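Residues: numbered from 1 along the sequence shown. Just so we're clear, the structure is a prediction, and the values are computed from it rather than from any experiment. Heavy-atom basis, side chains included; hydrogens, waters and symmetry copies ignored.
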Amino acid sequence: MLKLKCFSCIVCESSNAFFSLSSGSGIRGFTPFRFSVEPVDTLAVRGLPAVLNCSAASDAPVRVEWKKDGTFLNLVADDRKRQLVDGSLLISTVVHSKHNKPDEGVYQCVATIDNLGTISSRTARLTVAGLPRFLRQPEGMSVRIGGTEMLSCEVTEELVPFTRWERDGRPVELDDRVIQLPSGALVISNASRSDAGLYRCTIDGLGPAKTTEEAELHVSADSGVEEKLETLQGQVAVAKVVGESVLLPCVMKGYPVPMIRWTFNDRPIDESHERFAVIGRGSLQIVNLTEEDAGIYVCQTDSGNMTSEIQAELTVHVPPRFLTRPSNTYAQESMDIIFECDVTGSPPPTVKWMKDGDTVIPSDYFRIVKQHNLQVLGLVKSDEGFYQCLAENDAGNVQASAQLIILDLDVALPSAVPSLTDATTDHVASSLAEHSGPTPSAPRDVVASLVSTRFIKLTWRLPAEPHGENITYSVFYSLEGTNRERVENTSGPGEIQVTIQNLVPDTKYTFRVVAANANGPGESSTSLTVATQLEVQVPGPAPNLQVVSVSTASVTLSWERPSTGNGEIQTYKLFYSEKGQDSEQDMDVTGLSYTVTGLKKFTEYSFRVVAYNKHGPGVSTEDVVVRTLSDVPSAPPQNLTLEVLNSTSIMVRWQPPPPGTLNGELTGYKLRYRKGLRRADTIEISTTQLFLLIDGLEKGKVYTVRVSASTVNGTGPTTEWIAAETFENDLDESQVPGVPSSLHVRPLVNRIVVSWTPPENQDILVRGYKIGYGIGSPHAHTVTLDYKQRFYSIDNLDPSSHYVITLKAFNNMGEGIPIYNSATTRPQSAPDPTPMLPPVGVQATVLSQDTVKVSWADNSLAKNQKITDSRYYTIRWKTNIPANTKYKMANTTSLFHTVTALKPNTLYEFSVMVTKSRRSSTWSMTAHGTTFESIPSSAPKDVTVISKEGNPRIININWQPPTEANGKITGYIIYYSTDVNAEVHDWVVEPVVGNRLTHQIQGLTLDTTYYFKIQARNSKGMGPMSDAAQFRTPKGKAPALFRLENHILVIVVIVSVGVFTIIAVVVGAILCTRRSNSHQKKKRAACKSSTGSHKYKSSSKDLKPPDLWIHHERVELKPMDKSPEPNPVMTETPIPRTAQDPAAEPSHQRRGHEGEESVSTLAGRRGVRPKIMMPFDSQPSQPVISAHPIHSLDHLHHHHHHYHLPPRGYLHHQIGLRAPATPSTFSDRPPSAESVRNQPPAPGPPVAPGQPNTTAELQKTEAVIKEEEPPSINPPTAHVRPTHPLKSFAVPAVTVSAHNPPAYETALPSTPLLAQPGLFSKHHLPSVKMASIGTLNRVRAPMAVTVPSAPDQSETSKMLDMVSAGDTSHFL
């Protein structure tokens, strides 16, 4: 145990005088900072609001935050939770379901003053009442007038406050006669006819009320017939907190009406006491509980013909309470301080320390001393802040805080410090006095004159220039390699030596000495590094250890001072253990004798003593065994059974009282029996056996029996009265006995004790029993026993062996059906009296995200640390989040163990103990290690999607971080699609940074169902996706005029088109008849050309090569070389119809309308764009054309891009097809960016046999697709609308000039959706150059389009028909 020198610990308590002192001397005062209101445990209701109160008080501005289950809440992203002005947390609507419980948990309020510190409130658990359901419902009952009845209504504990009863639809009024039990059941005592009716149990206050089925209670007249005593509510165990109330149920039914009496710890309860009341004719109610109310309560019932007892155990918990709180403290660097914290409570509370909201982990400089106090050694400036002591047990938790202020060395400490000695006070005052003048030079020749295992003595010479007299010295020392120094001052002026105590053996320390005169401290000496020695001699065993038993529960020990040892004995440690138990208890003793109390009666204990000096524990004494004095038995015999042998005799059998309750040497048993259930003359018989035959009884009569055990000190408690009825006639032996009703086994090291009960049908005579047993088979050995026997010990068995046992009854007719059981004998072991020391040097080496290697050394082994005996080591580990995590353990026989299956990115603590035979050491000091990060193992949770008010095309998606993030979340990926079964690469992707828990998605299609998934990412990679969240966008509202007069508009359009067509035909016919025959032919050809007919004749003589006419507002044709690739690829991207587009015209109605005018007219009439199928120039390696691809997501966790919707006009460019008579038609157009320039003639395509070559040469052109809206954006992608009802699968490209290509490329791969090499090879098309357009964030210069040679008429017509019909299956 460390002792703190007064001159190295300066603690200043925050009193009023101290504040005035600090303000007057210029020292910064302590800042008042505390919680005026702290959160408390709360029961919330699903769907209703909940408030957790918290308020912090301080003179400085305070910032309040909230933690849930140890993690700070993000209130910005959670629209259901918000912080009130005073710091309280409001949950507007509590959400709770079977698989989603986002609000239930442990909450903590955290208050912070910037640049000063942080304190945390006590924790509060928010519990949400579960779904209303009944575990048990009431049933119809009948009760006589004046009787007692109970109607069941069993619900879970948190639902009891919401439970109430109704009779005939009206609430039941509760009083001392009609009570409701803690389980929810309704007890009606002293029943009257007004109690009859239909009863039902209701759960109200959790939304819609839920009720049970109605149960009818009948009240009958008193018939005077005896009714057997029946227990309606059995034994209970209750735990309550001091100050609460409790109801101990005792509900008995019978006639005559039973009399009930309560006892507490075998003493009658005074029912007249104001805190105790018996209600409901038996149940005990206690209000304002105290700690002394804990114990065993017994309800004794006597109905005249039968008695009964109900036992209830009451445990009273006491919340933690501070006896000593930590105090505000002033100190200076290199000093040592202690924060005191003494708490009490039941169960004993656990204490942890926090600094500025972070848990303090014990180390070489932060130590827990005297059970709960925090010692900080070698203060540094960063130790300044607020320290909190938090105590917690099953009844609650409390906290207290104190502020530490570290003053500069040139600032004088307050003089009124009670912990300083006179010498230290003089030294501090003189060294910090305000004087001007020279200070001493560095002390000379600092050497370690004496080096031991736990202390080092330093000496030095005076400084060369002391500059004065009364020189004092301060020695600063630290562990080698650390910057945290501690200071030790000399005892007086002129002292040139000091001894540094409480060092660690075999450890290097660095020392330096500073001299000080009246002007202040001078220069520091050169650093000196010294290593302490290995551990040396410790005290020997304490001689003449005497142990004497002085009572039934106490033993007195005495011993003498050890004759060997190095140094003064500081303390003794007394170890003792119960014989047969593995664990030892210990206590510190300062004298040479001690009385141990609280022991078990008549029990053997083993005692030993170990002396401690400044080097540590010495050699233990030999174990001394003593037995406490005997007493009367504290428990009755067990398993009392009555076996009716015939019409005049009963065999009574029992077993001894439980182990540890006999309290002495057994002298015998006393058996009492009487005839009938009523009180009658009792006959007493004494015996030393475990059975007794009672004969000479009357036929067909009931007899009751009870037994008690006796020692030399007297007779113990008796068993309950057990009744049996003799037979009217003797037993039958015309058939074999039945199977024994039970078979119990109790294995020991070399034997198994077997006990059983006879067959249930006791009308059949049993002559005896046969036991078979063996390893793996019950037929190896057989034992025949008398019919009176009920237990047997199978001896001479092998340890650690599995035996199968069978038992069957027999009589003269044969053997009955056997009953089977099995047991494994215990392993053989012997006690080892050698004391075990805990392992030392425990280290935790982190290997991976779920693996830590723990290693240690064992001082009880030889120097080579080689294990030669049967010892083994137990490693335990746990994490402090959550705080109530239990330890996990593993055993090993080596000096290291690899712990696996840990949680990633989690701090664990490890400790080790050694076990040899039946003796174990205490746990070693803890080692800590934080596992590495790993990819998230759970998906983001609480994914919700809501529509933005006022804009149905925009949604907000919110979520919470994964439960198992396994590291810091650096980003999220949002996937959404209209097809929940689509492949992952077909979903649209939106990346989000890791500190965001909400995101907005724009441009969605109205009246469409979307599915959303979210994936989290940390530094190690991507986690799993969340479940799909479904959301349907609202429907668009059509104009009122269109809704009301849509049918009228259609009729008007049809009539107008018909009239216009008739007029056009008549005018054309008149004009044609006025021309000459030759002129009429030319006009007739021109008329056909103007109508845009593409119906080719079967003859190919006049066939002209078709020209590809792209809308002049979108296309520019440039000369380029012909591609050498022979296999073109053509891909059709249809323009799908959305909810806003009218239905497209069927394909069979579009046949024959291939001209530009016809297509444009239909497109304008339907409000949609015509389809186009274009051959483009492909990439150099492989001719490929692709629409905007859905890119692969395999590498999304390496590169993230924000995607933006293209303008809507970008998706609706008009594209037409023409076949001009001659290439000279292009020259008629004005020169512009959309013009088509004449090109050198290209070789003509191959023609069918007998068909002349065409005179028109194919033109090589390069198409530059330009966007119409807005004019400043020129996406270099094909103008196609997405085939998916999402906002767009087309990835918008960055605007890039054709002369300035982009200087970057995305690392994401491009996966063409419709890249099909050789797509039109089966149609024998000529060589065509294809274009790959629309890759993610990758822009190419405008790509060339080569006009293909004209195919024959049938193929051309077929291709155009397929384009018009939107059918691409023939091409794919």
Side-chain angles (χ1 to χ4, degrees), residues 575-585 599-608 622-628 635 637-639 653-666 689-690 709 742-757 769-785 789-807 819-836 867-874 889 891-893 913-921:
F575 297 87
Y576 68 95
S577 63
E578 184 180 344
K579 186 177 181 181
Q581 300 294 327
D582 296 333
S583 60
E584 269 190 329
Q585 301 184 50
L599 304 178
K600 296 180 181 180
K601 300 176 182 179
F602 199 69
T603 303
E604 286 190 347
Y605 286 89
S606 175
F607 296 87
R608 62 187 182 93
E622 294 293 332
D623 287 359
V624 177
V625 179
V626 69
R627 186 190 299 271
T628 54
Q638 303 180 91
N639 302 330
R653 293 184 175 87
W654 61 90
Q655 291 182 358
T661 62
L662 195 55
N663 302 336
E665 292 290 345
L666 181 67
Q689 303 295 323
L690 293 174
S742 67
L743 174 62
H744 303 280
V745 295
R746 185 165 63 92
L748 301 175
V749 177
N750 298 109
R751 64 191 182 101
I752 297 178
V753 178
V754 183
S755 60
W756 63 91
T757 54
Y769 296 92
K770 290 186 178 180
I771 295 179
Y773 65 93
I775 298 178
S777 172
H779 307 298
H781 306 278
T782 303
V783 178
T784 302
L785 303 173
Q789 202 154 345
R790 292 294 180 269
F791 70 95
Y792 180 75
S793 176
I794 305 174
D795 299 322
N796 301 321
L797 302 180
D798 296 331
S800 302
S801 300
H802 185 75
Y803 285 84
V804 179
I805 302 169
T806 181
L807 173 71
I819 183 173
Y820 293 87
N821 206 335
S822 63
T824 302
T825 52
R826 297 180 181 178
Q828 193 167 10
S829 60
D832 186 357
T834 305
M836 302 300 295
I867 302 174
T868 59
D869 50 22
S870 60
R871 71 180 63 198
Y872 66 93
Y873 301 89
T874 301
M889 298 187 183
N891 295 331
T892 182
T893 56
M913 78 172 180
V914 59
T915 301
K916 181 179 179 183
S917 297
R918 302 184 65 180
R919 190 177 299 279
S920 301
S921 71

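Atoms OG1 and OH, from T915 and Y872 in turn, are 4.0 Å apart once rounded to the nearest 0.5 Å. Atom-to-atom distance recorded for T874:OG1 and M889:CE is 7.5 Å, nearest 0.5 angstrom. Of the inter-residue distances, the one linking S577 atom OG with E604 atom CD reads 11.0 Å to the nearest 0.5 angstrom. Rounded to the nearest 0.5 Å, atoms NZ (K916) and CE (M836) are 6.5 Å apart. To the nearest 0.5 Å, atom CG of residue L743 and atom CG of residue N821 are 5.0 Å apart. Distance check: H744 NE2 to T757 OG1 gives 6.0 Å after rounding to the nearest 0.5 Å.
Residues L690 and F791 form a side-chain contact, since some pair of their non-hydrogen atoms from C-beta on lies under 4.5 Å apart. Looking at L785 and I771, their side chains come closer than 4.5 Å, going by heavy atoms from C-beta outward. Counting heavy atoms from C-beta on, the side chains of V626 and F607 come closer than 4.5 Å. Residues I805 and I794 form a side-chain contact, since some pair of their non-hydrogen atoms from C-beta on lies under 4.5 Å apart. Between K600 and Y605, the closest side-chain pair of non-hydrogen atoms falls below 4.5 Å.
Around the CZ atom of R826, the shell of radius 6.0 Å holds no more than 12 heavy atoms that belong to other residues, nucleotides or ligands. Summarising the local packing, CZ of F575 is surrounded by more than 12 heavy atoms from other residues, nucleotides or ligands at distances under 6.0 Å.
Applying the side-chain hydrogen bond (donor to acceptor under 3.5 Å, both in side chains) rule to pairs touching residues 793-802 yields R751-S793, S793-D795, H802-T824, sequence neighbours excluded.
Although no hydrogens or angles enter the test, the distance criterion places a donor-acceptor pair under 3.5 Å between the side chain of Q638 and the main chain of P656. With hydrogens and angles disregarded, a donor-acceptor distance shorter than 3.5 Å links the side chain of N750 to the backbone of L797. No donor-acceptor distance shorter than 3.5 angstrom exists from the side chain of T661 to the backbone of P659, with no hydrogens or angles considered. Remark: the backbone N or O of V914 is paired with a side-chain donor or acceptor of S921 at under 3.5 angstrom. Remark: side-chain polar atoms of S606 are not paired, donor with acceptor, to backbone N or O of D623 under 3.5 angstrom. A donor-acceptor pair under 3.5 Å links the side-chain atoms of T628 to the main chain of F602, judged by distance alone.
For P747 against T825, the heavy-atom pair with the smallest separation is CB-CA, 4.2 Å. What you find for L662 and P657 is that their closest heavy atoms are CD1-CG, 3.9 Å. Across every non-hydrogen atom of E622 and R608, the tightest pair is O-CB, 4.3 Å. Annotation for R871 and T893: closest pair O-CG2, 4.2 Å, computed over non-hydrogen atoms.
Of the candidates Y820, Y792, Y769, Y773, L807 forms a side chain to side chain contact (heavy atoms under 4.5 Å, CB included) with just one, namely Y769.
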